[in-house]
Protein chains: 2
Amino acid sequence: MLIKKNVKRLLLYRLCLVKFREMGFKRVYSYNLGHEAGVSAEQIRKDFSHFKITGNKKGGYDIESVLEKLNYIFRKNELQKVIIVGMGNIGRALSHYECGFTVRRQYIVAGFDIDPVKIKKTYNVPVYDMRSMDEYIRTNNIQVAIMAVPSISAQEVCTILVDAGIKGIMNFSPVLLQVPENVIVNNINLCDELEIVIYTAVNSNSINEAMIDNLTRD
Amino acid sequence: MLIKKNVKRLLLYRLCLVKFREMGFKRVYSYNLGHEAGVSAEQIRKDFSHFKITGNKKGGYDIESVLEKLNYIFRKNELQKVIIVGMGNIGRALSHYECGFTVRRQYIVAGFDIDPVKIKKTYNVPVYDMRSMDEYIRTNNIQVAIMAVPSISAQEVCTILVDAGIKGIMNFSPVLLQVPENVIVNNINLCDELEIVIYTAVNSNSINEAMIDNLTRD
DNA sequence: ATTATAATGTTCAAAAAATCACATTAAATA
DNA sequence: TATTTAATGTGATTTTTTGAACATTATAAT
Ligand SMILES: NC(=O)c1ccc[n+]([C@@H]2O[C@H](COP(=O)([O-])OP(=O)(O)OC[C@H]3O[C@@H](n4cnc5c(N)ncnc54)[C@H](O)[C@@H]3O)[C@@H](O)[C@H]2O)c1
Ligand SMILES: NC(=O)c1ccc[n+]([C@@H]2O[C@H](COP(=O)([O-])OP(=O)(O)OC[C@H]3O[C@@H](n4cnc5c(N)ncnc54)[C@H](O)[C@@H]3O)[C@@H](O)[C@H]2O)c1
């Protein structure tokens, strides 16, 4: 069985491979790729091996063909339709990133909002009323949604999405959504991500043991 | 030594604890917290134990006091000043989230941009010219920056930040930044995060082995 | 054509993380 | 007060992940 960590690394490798390709390289060794991605060469070979991505015993990996296989694994031959719910700060920022998603064959096909002011104001993607979302999802067979609504509405919106048949949610609210077993939620907690930076930077990359000891004294 | 995974879980626990507190609870058992956070009760106790967060042999954990200790660990008693570089889609979205950061004592104190149109247009946070950034960082002793500039400028901006003394960077560009050992980079790759959702949702949470087998045949 | 080389791919070992099991102990109860 | 109960906290065990070692093989050199 495959775990997320593994997949995340594959996506990281792709990023590096694209960079190498842009630099004009045709082939790459596990060592080069590992150095760029910040993982060991063995890890690269292990991951590739697991996904049946093969190289050449002496010449390393052909960048183009690895990228092709990665695209195949990530179903890049298919059109990946995604909707955004909540066209506020985050929702709008994402909708303006069209080209960034497009190169990865991720198509933001529609936005939905409860606020009349935001509806149909033509951004890069059309924005519709929440009441039409259920039908839209069903008729267009949408499987994945980005949620960027206020935290207070998150669970409510989530339930609507799940009932309509959504199978994967990228959630920006700092709320742990209740979903059925078969629905995937990827929580993006930007405050947490910032906090980790602050914490790690300030503690110079390791826990301040003295500080923890202090905790025991009060 | 402490690893990010551990810290990330602590932040997750805090999210749950805040929720429980809002619901009126005063105490919580490792079992409850684990259920909410989606980890085992033992994991909770191990993590807490590692950070010297203690509970009560029969009565579980006092929510308020655990939150206090978490705040202490994450230095919530200190003011955490952060700057944003690049006031485009993402940068502006973050700058409008002021209150969200404020409750976590993360203060977005300033934005910086190269585009005259975006400078000093008073958003929630003041936006200055890039040329004044180095001085601002030094005089205000800023340690952490959010980077939301186009990918093409990412490394260039990163170098300026590092030279000015920045110790932690939250980076939204799909670019692996070259930084010295002592500088922390947290890469937020929203396309990757979306891709993981798509991948996992479409493959119903596990790798499609038949698909991988196909890979070996071409 | 043969040999040397240098990379992959896989097996085996070590390290890390998660889970289990249980001893400990605070609270409730009789 | 003594006993039972129910939770924590931690040492032992298992599982997962990572790293090292090496056998394999495509390419280059002789
Ligand atoms: N903006 C940020 O930088 C940021 C950072 C971290 C986390 N977040 C989180 O992301 C989420 C969105 O943040 P934001 O700043 O974009 O918020 P926002 O208020 O700017 O936008 C929310 C949008 O959702 C719409 N909405 C409200 N209720 C709705 C409903 N029931 N159905 C459909 N649409 C609804 C609103 O009309 C609005 O357009 C929040 O949970 C926030 O905590 C945001
Ligand atoms: N917008 C999204 O939803 C999204 C999603 C995923 C990734 N990203 C990534 O995040 C980054 C920012 O995206 P965005 O959509 O906010 O871009 P944007 O173009 O809207 O904003 C970039 C801002 O940076 C400024 N800038 C350009 N060069 C600069 C420099 N050298 N110094 C300082 N400022 C400079 C520009 O003036 C602009 O205001 C990009 O790397 C993008 O790939 C964005």
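By convention in this document, chain letters (A, B, ...) are assigned in the order of the sequence lines, proteins followed by strands, and residues within each chain are numbered from 1.
- Applying the side chain to side chain donor-acceptor pair (under 3.5 Å) test to pairs two or more places apart or on separate chains, those with a residue in residues 162-178 of chain B are B:Asn171-B:Asn187.
- Counting heavy-atom neighbours within 6.0 Å of A:Ile152 CD1, excluding the residue itself, gives a total of 12 or less.
- Listed by chain and number, the residues in a ring-ring contact (aromatic ring centres under 6.0 Å, His included) with A:Tyr136 are A:Phe112, A:Tyr128 (sequence neighbours excluded).
- When the C1' atom of C:dT8 is taken as reference, atom CG of A:Asp47 falls 14 Å away, rounded to whole Å.
- Atom CD1 in B:Ile44 sits about 10 Å away from atom P in D:dT8, given to the nearest Å.
- Here D:dA6 presents its P atom at 18 Å from OH of B:Tyr61, a figure rounded to the nearest Å.
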N/O-N/O pairs, protein side and nucleotides 25-30 of chain D side, under 3.5 Å:
{"from": "D:dA26", "atom 1": "O3'", "to": "A:Asn56", "atom 2": "OD1", "distance (Å)": "2.9"}
{"from": "D:dT27", "atom 1": "O2", "to": "A:Lys58", "atom 2": "NZ", "distance (Å)": "3.1"}

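- For C:dA17, neither phosphate oxygen OP1 nor OP2 lies less than 4.0 angstrom from any side-chain nitrogen or oxygen of B:Arg9.
- Listed in residue order, the members of residues 25-39 of chain B having a heavy atom less than 4.0 Å from DNA chain C come to none.
- When the ring-ring contact (aromatic ring centres under 6.0 Å, His included) test is applied to B:Phe101, the partners found at least two apart in sequence or on another chain are B:Tyr97.
- OP1 or OP2 of C:dT19 sits under 4.0 Å from a side-chain N or O of B:Ser40.
- With hydrogens and angles left out, the side chain of B:Lys46 and the base of D:dG11 share a donor-acceptor pair within 3.5 Å.
- For B:Lys19, the salt bridge (Lys or Arg N to Asp or Glu O under 4.0 Å) partners two or more places apart in sequence, or in a different chain, are B:Glu36.
- With sequence neighbours excluded, no residue forms a salt bridge (Lys or Arg N to Asp or Glu O under 4.0 Å) with B:Arg105.
- With sequence neighbours excluded, the residues satisfying salt bridge (Lys or Arg N to Asp or Glu O under 4.0 Å) with B:Arg104 are A:Asp192, A:Glu195.
- Side-chain N/O atoms of B:Arg45 include none lying less than 4.0 angstrom from OP1 or OP2 on D:dG9.
- Taking the six-membered ring where the residue is Trp, the centroids of A:Phe48 and A:Tyr61 are separated by under 6.0 Å.
- Listed candidates were C:dA21, D:dT18, D:dC22. Nearest to the side chain of B:Glu42 is C:dA21.
- Nucleic acid contact for A:Phe48: none, since no nucleic acid atom lies under 4.0 Å from a heavy atom of the residue.
- Across all strands shown, A:Gln43 has heavy atoms under 4.0 Å from sugar-phosphate atoms exclusively, and none from any base.
- Take A:Glu193 and apply the salt bridge (Lys or Arg N to Asp or Glu O under 4.0 Å) test, not counting sequence neighbours, and it matches B:Lys8.
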